[in-house]
J.: 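Below is a structure I'd like to ask you about.
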Amino acid sequence: QVQLVESGGRLVQPGGSLRLSCQTSGRDLSGYPMGWFRQAPGKERMFVAASSWSGAGTYYANSVKGRFTISRDNAKNTVYLDMNKLEPGDTAVYLCAAVTRAIGEYQPLRQAPEIHEYDAWGQGTQVTVSS
């Protein structure tokens with residue numbers, strides 16, 4: 001069974017930086033797209049970033065473009081989200097997710113997967129941006 005475990009979330013001041021990590025286990029996900037989402041209290045889960053299996057294709061929400069970077073190290077079964085110039089509006093639980101059925105293994109991404117295409121999810125890590 002696939003497991004995704006996020007880490008790296010904490011309290012950070014506005015303008016600061018954080019690196020989130022998502023460690024996968026139970027199944028080799030190196031051939032599948034992965035993404036990051038976030039969910040603030042009382043709000044819907046929102047797309048943040050996605051990566052093709054190779055990392056060559058990346059997609060971002062407009063609200064984080066230019067500030068966040070998704071990357072992956074398939075040898076370490078880990079996906080990262082580097083977040084810079086953090087704003088209070090970035091406060092949320094950040095979750096990583098994988099697409100293991102809707103898109104074939106080792107396929108290029110032509111667009112960011114839809115949220116319903118993600119079929120494996122982590123529990124999330126809290127990021128709080130506040131002074």
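Numbers here are sequence positions counted from 1.
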J.: Report the residues that fulfil salt bridge (charged side-chain N to carboxylate O under 4.0 Å, His left out) with D82, sequence neighbours left out, ordered by chain and then residue number.
T.: R19
J.: Checking D73 now: which residues fulfil salt bridge (charged side-chain N to carboxylate O under 4.0 Å, His left out) with it, not counting sequence neighbours?
T.: none
J.: R38 and S63: which non-hydrogen atoms are nearest, and at how many Å?
T.: NH2-OG, 3.6 Å
J.: Quick check: closest heavy atoms across G9 and L20, and the distance to 0.1 Å?
T.: N-CD2, 3.6 Å
J.: How would you list, by chain and number, every residue that makes a side-chain hydrogen bond (donor to acceptor under 3.5 Å, both in side chains) with T78, sequence neighbours excluded?
T.: Q23
J.: Taking a hydrophobic cluster as the set of Ile, Leu, Val, Met, Phe, Trp and Tyr residues connected by side-chain heavy atoms closer than 4.5 Å, whether directly or through intermediates, do V79 and V127 fall within one such cluster?
T.: yes
J.: Which atom pairs, donor and acceptor, lie under 3.5 Å between side-chain atoms of residues 105-116 and protein residues at least two apart or in another chain?
T.:
residue, atom, partner, partner atom, Å
Q107, NE2, E105, O, 3.3

J.: Determine whether L18 and F68 make a side-chain contact, defined as any pair of heavy atoms from C-beta on separated by less than 4.5 Å.
T.: no
J.: Using every non-hydrogen atom in the two residues, find where A40 and A92 come nearest and quote the distance to one decimal.
T.: N-CB, 3.9 Å
J.: Is there a side-chain contact between I70 and Y80 in this structure, where contact means two heavy atoms from C-beta onward sitting under 4.5 Å apart?
T.: no
J.: Listed by chain and number, what are the side-chain hydrogen bond (donor to acceptor under 3.5 Å, both in side chains) partners of S25, not counting sequence neighbours?
T.: none
J.: Can you tell which of V2, N74, N77 makes a side-chain contact (heavy atoms from CB on, under 4.5 Å) with L29?
T.: V2
J.: Under a single-linkage rule joining Ile, Leu, Val, Met, Phe, Trp and Tyr whose side-chain heavy atoms are separated by less than 4.5 Å, which residues share a cluster with V5?
T.: none
J.: So do the side chains of S17 and N84 get within less than 4.5 Å of each other, counting heavy atoms only?
T.: yes
J.: Determine which pairs satisfy salt bridge (Lys or Arg N to Asp or Glu O under 4.0 Å) with at least one residue from residues 58-72, sequence neighbours left out, and list them in order.
T.: R67-E87, R67-D90
J.: Once ring pair (Phe, Tyr, Trp, His ring centres under 6.0 Å) is applied, do any residues pair with Y59, and if so which ones, sequence neighbours excluded?
T.: none
J.: List for me each residue that meets side-chain hydrogen bond (donor to acceptor under 3.5 Å, both in side chains) alongside K43, sequence neighbours excluded, and say none if there are none.
T.: none
J.: Please enumerate all residues that pass side-chain hydrogen bond (donor to acceptor under 3.5 Å, both in side chains) together with Q126, with sequence neighbours excluded.
T.: T128
J.: Check the pair T69 / L81 against side chain to side chain contact (heavy atoms under 4.5 Å, CB included), numbers first and verdict last.
T.: CA-CA 6 Å; T69 302; L81 184 68; over 6 Å; no
J.: Looking at E6 and C96, what are the two nearest heavy atoms and their distance?
T.: OE2-N, 2.8 Å
J.: Only pairs at least two apart or in different chains count here, so list each ring pair (Phe, Tyr, Trp, His ring centres under 6.0 Å) that has a residue in residues 12-50.
T.: F37-F47, F37-Y118, F37-W121
J.: Should S52 and T58 count as side-chain neighbours, where that means a heavy-atom distance under 4.5 Å?
T.: no
J.: Output every pair passing salt bridge (Lys or Arg N to Asp or Glu O under 4.0 Å) with a member in residues 116-129, not counting sequence neighbours, ordered by first then second residue.
T.: R101-D119
J.: V93 and Q123: which non-hydrogen atoms are nearest, and at how many Å?
T.: CG1-O, 4.3 Å
J.: Just how far is it from atom SG of C22 to atom CE of M34, taken to the nearest 0.5 Å?
T.: 4.0 Å
